[in-house]
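Notes to accompany the following structure.
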Amino acid sequence: MPDVIGVLALQGAYEKHIEMLSSLGVESRLIRYAQELNDCCALIIPGGESSTMSLLIQKFGLFEKLREFSENKPVMGVCAGAILMAETVEDSRVTPLNIMPMTALRNNYGRQVFSFSADLRLKFDAEGPAYRAHFIRAPEMRSNNEKIEVLAKFDDDAVMMRLARHMALTFHPELTNDNRIHACW
Ligand code: GLN
């Protein structure tokens, strides 16, 4: 199987993931059609607008293919991508893929500030420097499932979670020069 990472390119912030991966010497390709996934060993679902992306996933006939892919291969969901990976979304316009047992509350930091940056501690690099994370109309993700490992928190909220080979992040790791997150995956 070729070591190419797919980046779902239906909508949203996909280009910068390609740049980040290439800075790590990893080959990647944009994915729009189901058969393009056959060449991929992993997939990033980028940030964007989860309701629009959800519609496009249906329109491009990708729903079942993405579910099937996630049963065998790692998926990283960023912001809108994390919402799509959830089991439930508190917004009926999004049909989530149910890749990780969590509930997504869209735009849940609206009460605070629409978009913001914060320094996080990364569990897998606890001795390393703080990670400057950029949150853009981020969702809040909730889960009681003990199989989910929380890799970073903002206040009391889990903002980076891992389940087996899958990762869900509510901030944008592609919008920084710090490549620790793509590198650890
Ligand atoms: N607010 C968007 C949504 O609900 C997500 C924003 C993002 O991906 N940066 O889909």
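Atoms within each ligand, like the ligands themselves, are counted from 1 in listed order.
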I would like to know whether Phe171 and Phe116 meet ring-ring contact (aromatic ring centres under 6.0 Å, His included); could you show each step before the answer?
-> CA-CA 10 Å; Phe171 57 91; Phe116 59 99; over 10 Å; no
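- Of all protein heavy atoms, the one lying nearest to atom 7 (C) of ligand 1 is Cys79 SG, 2.9 Å.
- At under 3.5 Å, a nitrogen or oxygen of Ile136, whether backbone or side chain, sits near a nitrogen or oxygen of ligand 1.
- Side-chain contact between Leu37 and Leu66: present, with at least one pair of heavy atoms (C-beta onward) separated by less than 4.5 Å.
- Below 4.0 Å from some heavy atom of Ile83 lie the following atoms of ligand 1, by number and element: 3 (C), 4 (O), 10 (O).
- Cluster annotation: Trp185 is not connected to Met102 through the hydrophobic network of ILVMFWY side chains, with a link wherever side-chain heavy atoms come within less than 4.5 Å.
- Looking only at protein heavy atoms, the nearest one to atom 1 (N) of ligand 1 is Asn107 OD1, 2.6 Å.
- For ligand 1, the atoms sitting less than 4.0 Å from at least one non-hydrogen atom of Ser50 are 3 (C), 4 (O), 10 (O), numbered in the order shown with element in parentheses.
- In this structure, atom 4 (O) of ligand 1 lies nearest to the protein heavy atom Arg106 NE, 2.7 Å.
- Atoms of ligand 1 lying under 4.0 Å from at least one heavy atom of His172, given by number and element, are 7 (C), 8 (O), 9 (N).
- Interface atoms of ligand 1 facing Gly47, defined by a heavy-atom separation under 4.0 Å, are 8 (O).
- Residue contacts with ligand 1 for Val94 are absent, since no atom lies close enough (heavy atoms, distance under 4.0 Å).
- When the options Leu163, Thr88, Asn144 are evaluated for a side chain to side chain contact (heavy atoms under 4.5 Å, CB included) with Pro101, the one that passes is Leu163.
- Within the structure, the closest approach of Gly48 to ligand 1 falls below 4.0 Å when heavy atoms are considered.
- Contact annotation: for Met53 versus ligand 1, there are no heavy atoms closer than 4.0 Å.
- A salt bridge between Glu49 and Arg106 is present, with a side-chain N of the basic residue lying under 4.0 Å from a carboxylate O of the acidic one.
- Side-chain contact, Tyr131 with Asp125: no donor N or O sits under 3.5 Å from an acceptor N or O.
- For Arg93 and Ser54, the side-chain atoms include no donor-acceptor pair closer than 3.5 Å.
- With respect to Arg29 and Glu27, no salt bridge is recorded, no charged nitrogen being found less than 4.0 Å from a carboxylate O.
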